[in-house]
Protein chains: 2
Amino acid sequence: MREKAEKQGNHYNCPVEATMEVIGGKWKVIIIHHLLDGTKRFSELRRLIPQVTQRMLTSQLRELESDGAVHREVYPQVPPKVEYSLTKLGKTLEPVLLVMHDWGNNFIERS
Amino acid sequence: MREKAEKQGNHYNCPVEATMEVIGGKWKVIIIHHLLDGTKRFSELRRLIPQVTQRMLTSQLRELESDGAVHREVYPQVPPKVEYSLTKLGKTLEPVLLVMHDWGNNFIERS
DNA sequence: TTACATAGTATCCTTTTGTATACCATGGAT
DNA sequence: ATCCATGGTATACAAAAGGATACTATGTAA
């Protein structure tokens with residue numbers, strides 16, 4: 001999905017699918033959830049989401065960054081320090097996650 | 001994702017992810033979109049979504065059905081007639097799709 | 001000079017998801 | 001008798017997503 005849309009120059013047939021592509025990765029909503037709480041270092045996110053591998057965390061963050069939802073700030077230090085935060089656009093995802101959260105809760109209760 | 005959650009007895013760590021599992025399939029939101037418009041026969045959905053293969057349309061509909069979002073009504077006729085409609089739960093997805101639709105539109109405009 | 005911490009890459013593999021294509025069952029119309 | 005339409009299944013395959021594991025670069029501190 002991502003690949004295809006990107007090759008076609010970010011043209012999506014449907015806005016809902018565009019949203020799905022941005023937040024659809026396995027770890028993205030958890031990442032966004034934690035970033036809504038404030039700026040986090042890479043290592044902090046790893047600690048907050050222990051199940052995610054380093055490779056996955058990196059790739060999900062980079063995709064969010066290239067979609068403009070996340071800002072990546074590299075500090076020229078050793079050992080490295082990289083901070084991730086939500087952009088203005090990224091913050092607008094909060095109501096989206098909220099609605100999905102509420103629907104999901106209702107769904108879980110039923111089953 | 002689906003498999004795992006189902007084997008664990010539909011226990012989701014996160015409500016947002018539960019929602020993602022329900023509407024996350026490649027064709028589900030389009031299907032739901034059309035069903036929000038009213039009950040549709042299988043062949044109607046095929047015509048409305050020409051890119052989807054029969055197999056995919058069937059499997060996405062069956063997943064939506066087993067999640068309780070879609071109702072499947074089989075009429076004992078030949079040739080067969082099967083109608084799909086949204087359940088009460090399925091209809092509650094409308095506001096979710098709407099928020100995602102709006103966010104997606106805003107996202108597309110920016111890029 | 002050696003070890004350490006951080007934030008990564010690289011490689012290989014498995015699982016999941018989706019596609020392509022062919023086939024099937026049925027009862028009524030011709 | 002046979003052909004048709006509908007709503008599927010079955011099988012094989014391709015691609016995408018994700019996971020496991022090992023490796024790397026670098027300035028600083030001991």
Side-chain angles (χ1 to χ4, degrees), chain A residues 1-8 13-14 17 20-31 34-35 39-67 70-85, chain B residues 1-8 13-14 17 20-31 34-35 39-67 70-85:
Chain A
M1 275 174 151
R2 283 194 70 80
E3 303 304 322
K4 205 163 140 201
E6 274 162 17
K7 273 173 195 155
Q8 289 169 356
N13 4 2
C14 167
E17 274 157 35
M20 294 276 283
E21 280 183 28
V22 175
I23 65 172
K26 180 156 178 185
W27 305 99
K28 291 186 182 175
V29 297
I30 319 168
I31 291 171
H34 286 297
L35 291 183
T39 297
K40 297 274 179 294
R41 289 186 63 168
F42 185 79
S43 52
E44 287 183 273
L45 288 170
R46 287 201 73 185
R47 253 170 273 131
L48 289 165
I49 316 167
Q51 317 95 303
V52 74
T53 63
Q54 199 165 28
R55 181 187 175 281
M56 268 298 111
L57 184 54
T58 304
S59 83
Q60 301 277 287
L61 281 166
R62 295 293 168 83
E63 286 182 10
L64 287 168
E65 187 193 9
S66 86
D67 284 331
V70 157
H71 173 70
R72 179 168 176 265
E73 183 81 29
V74 184
Y75 295 86
Q77 308 179 351
V78 167
K81 174 178 173 182
V82 179
E83 281 186 348
Y84 291 93
S85 56
Chain B
M1 273 176 151
R2 283 194 70 77
E3 302 303 323
K4 206 164 139 200
E6 274 162 17
K7 272 171 196 157
Q8 288 170 355
N13 4 3
C14 167
E17 273 158 34
M20 294 276 282
E21 281 183 26
V22 175
I23 65 173
K26 178 156 178 184
W27 306 98
K28 291 186 183 175
V29 297
I30 320 169
I31 292 170
H34 287 296
L35 291 183
T39 297
K40 297 274 179 294
R41 289 186 63 168
F42 186 79
S43 50
E44 288 184 273
L45 288 171
R46 288 201 72 184
R47 254 170 273 132
L48 290 166
I49 316 166
Q51 318 94 301
V52 74
T53 63
Q54 199 166 27
R55 183 184 175 283
M56 268 297 111
L57 184 54
T58 304
S59 82
Q60 301 277 287
L61 282 166
R62 294 295 168 81
E63 286 183 11
L64 287 168
E65 187 194 8
S66 87
D67 285 331
V70 157
H71 173 69
R72 178 169 177 265
E73 182 81 29
V74 183
Y75 295 86
Q77 308 179 352
V78 166
K81 174 177 174 183
V82 179
E83 281 186 347
Y84 290 93
S85 57

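Labels below follow one simple rule: chain letters A, B, ... track the order of the sequence lines, proteins then strands, and each chain is numbered from 1.
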Phosphate OP1/OP2 of C:dA5: any A:Lys81 side-chain N/O under 4.0 Å: no
Nearest atoms (heavy-atom pairs only) where B:Ile23 meets A:Met20: O-CE, 3.3 Å
Distance, rounded to the nearest Å, where B:Glu73 contributes CD and D:dT6 contributes P: 19 Å
Minimum-distance nucleotide (side-chain atoms of A:Gln54 versus D:dA5, D:dT9, C:dT9): C:dT9
Euclidean distance, atom CZ of residue A:Phe42 to atom P of C:dA5 [Å, nearest integer]: 17 Å
DNA chain D base-pair string [pairs: Watson-Crick or G-U under 3.5 Å; |: paired with another strand]: ||||||||||||||||||||||||||||||
Residue met sooner reading DNA chain C from 5', once B:Pro79 and B:Gln51 are mapped to nucleotides: B:Gln51
Between P of C:dT6 and CG of A:Leu45, the distance in whole Å: 14 Å
Side chain of B:Val78 (C-beta onward), nearest among C:dG8, C:dT26, D:dT6: C:dT26
Nucleotide nearest B:Ser43 when distance is taken to its side chain, options D:dG19, D:dG18, D:dG7: D:dG7
Under-4.0 Å side-chain N/O to phosphate OP1/OP2 contact, A:Gln77 with D:dT28: no
B:Arg41 side chain, from C-beta outward: closest of D:dT6, D:dG19, C:dG8: D:dT6
Side chain to side chain, B:Lys26 and B:Val52, heavy atoms closer than 4.5 Å: no
Distance, rounded to the nearest Å, where B:Met56 contributes CE and D:dA15 contributes P: 16 Å
Spacing between A:Lys40 atom NZ and C:dT6 atom P, to the nearest angstrom: 17 Å
Contact summary for B:Trp27 and B:Gln51, nearest pair of heavy atoms: CH2-CB, 3.8 Å
Side-chain N or O of B:Tyr75 closer than 4.0 Å to phosphate OP1/OP2 of C:dT26: no
Atom-pair distance (CE on A:Met20; P on C:dT17), nearest Å: 12 Å
Atom pair distance, as rounded to whole Å: CG in A:Leu57 and C1' in C:dT9: 14 Å
Nearest atoms (heavy-atom pairs only) where A:Thr39 meets A:Glu44: O-OE1, 4.4 Å
Comparing B:Arg62 and A:Gln60 on DNA chain D - which has the more 5′ nearest nucleotide: B:Arg62
Contact summary for B:Val22 and B:Lys28, nearest pair of heavy atoms: O-CD, 3.1 Å
Nearest-0.5 Å distance, CG of residue A:Leu35 to CG of residue A:Leu64: 8.0 Å
Whole angstrom value for the distance that separates C1' of C:dA20 from NZ of B:Lys26: 13 Å
A:Val52 or A:Pro80, whichever maps to the more 5' nucleotide of DNA chain D: A:Val52
Member of A:Lys81, A:Gln54, A:Arg72 meeting the side chain to side chain contact (heavy atoms under 4.5 Å, CB included) criterion with A:Phe42: A:Gln54
For the student: nearest non-hydrogen atoms of B:Tyr84 and B:Val70, plus distance: CD2-CG1, 3.8 Å
B:Arg46 side chain near D:dA5 phosphate (N/O to OP1/OP2, under 4.0 Å): no
Donor-acceptor pair under 3.5 Å, B:Arg55 side chain vs D:dG8 base: no
